[in-house]
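The block underneath contains the structure these notes are about, expressed in structure tokens.
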Amino acid sequence: MSDSVRVRFAPSPTGLLHIGGLRTALYNYLFAKHHNGTFVLRIEDTDQSRYVEGAEEDIVDSLQWSGLDFDEGPGKDGEFGPYRQSERQDLYQEYAEQLIEDGHAYYAFDTTEELNDMRERLEKSGNPSPKYDAVTRMSMQNSLTLPQEEVEQRLEDGEEYVVRLKVPRRETIRFEDEIRGFVSFESKGLDDQVLLKSDGMPTYHLANVVDDHLMEISHVIRGEEWLSSTPKHMLLYKYLGWEAPRMAHLPLIMSPSGGKLSKRKAETEGIPINAKDYREQRYEPDALVNFLAYLGWSPGDDTEIHSLEELVELFTLDRVSKSGAVFNHKKLLWYNENYLREKPAEELYPRVQAIAKEHGVNPEKEYLLNIIELMKDRVSKVEDFITQGKFFFEDPEEYEEKALKKWKDGSGEIVSAYLEKISDLDEDAFTVDNLKAAVNELTDKMDVGFGKVAMPLRVAVTGQGFGPDLFPAIELLGKETTVERIKKALDKLA
RNA sequence: GCCGCGUUCGUCUAGGGGUUUAGGACGCUGCCCUUUCACGGCAGUAGCACGGGUUCGAAUCCCGUACGCGGUACCA
């Protein structure tokens, strides 16, 4: 039982779930499922001032959209709940008291001003990184310096206090990270971390350790920004008499301009930052997942495309890279195109239909299915079926500038000759073969290349210089529409 | 500043002492296919941060430097 894999994704509901968080969730999920383990969602809402309404819902929705179903979490109770830290407050209190009793933590009464003063004073006297530590705590207001009766009196009077971790003066803290190997820190570089805040809530550090232990988490897989606070966590495990879970610190997702990919940077660089943005911008979730998996990990062979199930099969922590990975939006788009191409038109249909509706058109299913089939090889996003295939639903009002370049001097003559030819075709003879044959006859007769006919024809019928295979598109459009459009183009362009 | 982590093509990465003229993918360029647009195929482009060791031999091991990133809160 103790060797079963249990991992958790533990976001704070301080805003929408961002792409880095989603990747952390993904790696946790992959690891859990690879080992037939359990994937837990825990909401770390201990900072009431940063709590954002609706954030938890967004996290759950985003995970679901991505296909990362959690086994335990809010609304999905296992035997380790509750799964919101705000609902576990008593627990933390209890352990904080235990730490104090055992001499590993203490009460501190210093006000914010006093703390600032202390830091300022130290800085002025040449200490570049002032800390509340083994030395400085002796000149502060805490249960280590104050007489016991006074401490008790203050507590009784309801004076505000925090509980701080009593970090040893000199100790080397060493632990093994699954991704980085052995890492070691000196305790003298550590702050006497606040464990319990004056509002009674635990800080991340206490809550995290307590919950990971109580929830029997076997592996902590989280972002690298946590690496430097891990020694504090190791101290806590030791003082509480618990075995620490295995640690794995993931490389950060970086912005193309350098630095951790932040909301601000992502925005200026045109990268969607929140999972919700990807949903709204209609990225394929399986493509996003595939892309994210490869951002900092690789299976070690030359493969690139894998479903979530395959990723589960392939994923191991030892193949996660150590250095930050720059977000490459073009590669994401490539993945998206790939997944779109592989999906059957039937599967895409409901979504494309919904988008069509948003654009004010309501095509028949058979017609839309044909369009999807025709355009699958050249769209990047689902909505491209409608936006780039606009001409399937309405006559081109104007002709794209790029397209017009393909309308040359003799084009009018050629296109009207073509028009004449296909006007003779019966409604049911309006097929790809016949339409192509008509072009061939023309090229022979007028002694011009195929492109000289097809290009301007494309412009006339679609208004675009690019697009799906022209003749099937024309067949789909039907004789009446095609003839009309060609006439109109001849009017406007010739 | 201090502490920690990292550094292979522009980007994501493979590689873990000889198998390497450093492999793949995205991007970009060219060609082929298609007498249209794509897809696809092929080819090209471009990299071991630097300096010292260790070794017969180093992208691979060690040390240093540089650079990057993270942390340094009663935020997570």
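FYI, side chains are in, hydrogens and waters are out, and symmetry mates aren't considered; it's all heavy atoms of this structure. Quick note on labels: first sequence line is chain A, next is B, and so on, each numbered from 1.
Whole-Å rounding puts the A:Leu195 CG to B:A76 P distance at 12 Å. Atom CH2 in A:Trp297 sits about 12 Å away from atom P in B:U13, given to the nearest Å. Rounding to whole angstrom units, NE2 of residue A:His233 and C1' of B:G4 are separated by 14 Å. Taking atom CD1 of A:Ile486 as the reference point, atom P of B:U36 lies 18 Å away to the nearest angstrom. Distance CH2 (A:Trp226) to P (B:C3): 22 Å, rounded to an integer number of Å. The CD-P distance, from A:Gln193 to B:U72, rounds to 9 Å in whole Å. Atom CG in A:Asn142 sits about 15 Å away from atom C1' in B:C74, given to the nearest Å. Separating the NE2 atom of A:His205 from the C1' atom of B:A76 is a distance of 8 Å, rounded to the nearest angstrom.
Contact annotation for A:Ser49: no contact, since no heavy-atom pair falls under 4.0 Å across all strands. As judged by a 4.0 angstrom heavy-atom cut-off over every strand, A:Lys452 is placed among residues making no nucleic acid contact. Among the protein residues, A:Leu470 comes within range of the nucleic acid bases, having at least one heavy atom under 4.0 Å from a base atom. Base engagement by A:Asn440 is indicated by at least one non-hydrogen atom pair under 4.0 Å involving a base atom. Across all strands shown, A:Thr14 has no heavy atoms under 4.0 Å from either base or sugar-phosphate atoms. Base contact: A:Val162 has a heavy atom under 4.0 Å from a base atom. A:Met254 comes within contact range of the sugar-phosphate backbone alone, with a heavy-atom separation under 4.0 Å but no base atom that close. When heavy atoms are screened at a 4.0 angstrom cut-off, A:Ser198 is found touching base atoms of the nucleic acid. Heavy atoms of A:Ser184 sit under 4.0 angstrom from primed sugar atoms or phosphate atoms, though from no base atom. Contact annotation for A:Gly296: backbone-only contact, meaning every heavy-atom pair under 4.0 Å involves sugar-phosphate atoms and none involves a base. Base contact: A:Tyr204 has a heavy atom under 4.0 Å from a base atom. Within the 4.0 angstrom heavy-atom criterion, no nucleotide atom of any strand lies near A:Gly189. A:Val183 comes within 4.0 angstrom of sugar-phosphate atoms only, judged by non-hydrogen atoms across all strands, and of no base. As judged by a 4.0 angstrom heavy-atom cut-off over every strand, A:Asp110 is placed among the base-contacting residues.
In this model, the phosphate group of B:G6 is not approached by any side-chain N or O of A:Arg180 to a distance below 4.0 Å at OP1 or OP2. Listed pair A:Arg341 / B:G40 meets the phosphate criterion, a side-chain N or O lying under 4.0 Å from OP1 or OP2. Within the structure, a side-chain polar atom (N or O) of A:Ser321 is placed less than 4.0 Å from OP1 or OP2 of B:U13. Distances shorter than 4.0 Å separate some side-chain N or O of A:Arg319 from OP1 or OP2 on B:G15. Between A:Lys260 and B:G68 there is no side-chain N or O to OP1 or OP2 distance below 4.0 Å. Between B:C75 and A:Lys197, a contact under 4.0 Å exists linking OP1 or OP2 to a side-chain N or O.
Between the side chains of A:Gln193 and A:Thr203, not a single donor N or O lies within less than 3.5 Å of an accepting N or O. Checking A:Asp211 against A:Tyr92 by side-chain atom types alone, a donor-acceptor pair falls below 3.5 Å. For the 3.5 Å distance criterion, the side chains of A:Thr431 and A:Asp433 fail to qualify, holding no donor opposite an acceptor.
Here B:U36 sits opposite no nucleotide as a Watson-Crick or G-U wobble pair (both hydrogen-bonding atom distances under 3.5 Å). Shown here, B:C48 forms no base pair; nothing in the strands shown gives a Watson-Crick or G-U wobble contact with both key distances under 3.5 Å. Within the shown strands, nothing qualifies as a pairing partner of B:A14 under the Watson-Crick or G-U definition with both distances less than 3.5 Å. For B:G1, the paired nucleotide is B:U72, the pair qualifying as Watson-Crick or G-U wobble because both relevant distances are below 3.5 Å.
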Any N/O pairs under 3.5 Å between the protein and nucleotides 25-32 of chain B? List them or say none.
residue, atom, partner, partner atom, Å
B:A25, O4', A:Glu304, OE2, 2.8
B:A25, O2', A:Lys331, NZ, 3.3
B:A25, N3, A:Lys331, NZ, 3.2
B:C26, OP1, A:Trp334, NE1, 3.3
B:C26, O2', A:Lys331, N, 3.4

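For the C1' atoms, the distance from B:G10 to B:U45 is 11 Å, rounded to whole Å. Taking the P atom of each, B:U36 and B:C31 are spaced 14 Å apart, rounded to whole Å. Distance check on atom C1': B:G23 versus B:G15 gives 8 Å, rounded to whole Å. Comparing B:C74 with B:A59, their P atoms are spaced 48 Å from each other, to the whole Å. Rounded to whole Å, the separation between the P atoms of B:A22 and B:G16 comes to 14 Å. Rounded to whole Å, the C1' atom of B:G47 lies 12 Å from the corresponding atom of B:U7. A distance of about 35 Å separates the P atoms of B:A46 and B:G64, rounded to the whole Å. Between the P atoms of B:G53 and B:U60, the separation comes to 15 Å (whole Å).
Note: A:Tyr107 and A:Tyr161 have perpendicular aromatic rings, judged against thresholds of 30 and 60 degrees for the angle between ring planes. Using the six-membered ring where Trp is involved, A:Trp226 and A:Tyr204 have ring planes that are parallel, under 30° apart on the 30 and 60° scheme. Ring geometry for A:Tyr294 versus A:Trp297: interplanar angle over 60°, hence perpendicular rather than tilted (30 to 60°).
In this model, no side-chain donor or acceptor of A:Ser228 finds a partner on the base of B:C3 within 3.5 Å. Residue side chain A:Ser229 does not reach the base of B:G71 through any donor-acceptor N/O pair under 3.5 Å, judged by distance alone. In the interface, the side chain of A:Asp469 is paired with the base of B:U36 through a donor and an acceptor atom under 3.5 Å apart.
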For the pair A:Leu333 and A:Phe291, evaluate side-chain contact (heavy atoms from CB on, under 4.5 Å) and give the outcome as yes or no after the intermediate values.
CA-CA 9 Å; A:Leu333 248 19; A:Phe291 167 75; over 6 Å; no
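Geometrically, A:Arg319 does not engage A:Phe315 in a cation-pi contact, judged by NZ or CZ lying under 6.0 Å from the ring centre and within 45° of the ring axis.
Atom CG in A:Leu122 sits 7.5 Å away from atom OG in A:Ser139 (nearest 0.5 Å).
Remark on RNA chain B: of its neighbouring residues A:Ala108 and A:Leu227, the 5'-side contact belongs to A:Leu227, judged by nearest-heavy-atom nucleotide. Each of A:Thr203 and A:Leu295 has a nearest nucleotide on RNA chain B; the 5'-most of these lies closest to A:Leu295.
Within a 6.0 Å radius of CD in A:Glu269, more than 12 heavy atoms belonging to other residues, nucleotides or ligands are found.
Of the candidates B:A76, B:C5, B:U13, B:C5 carries the atom nearest the A:Glu224 side chain, counting heavy atoms from C-beta on. In the set B:G70, B:C5, B:U36, the nucleotide with an atom closest to the side chain of A:Glu225 is B:G70.
Salt bridge A:Arg8/A:Glu44: absent, no basic N to carboxylate O contact under 4.0 Å.
A donor-acceptor pair under 3.5 Å is absent between the side-chain atoms of A:Lys131 and the main chain of A:Thr136, judged by distance alone.
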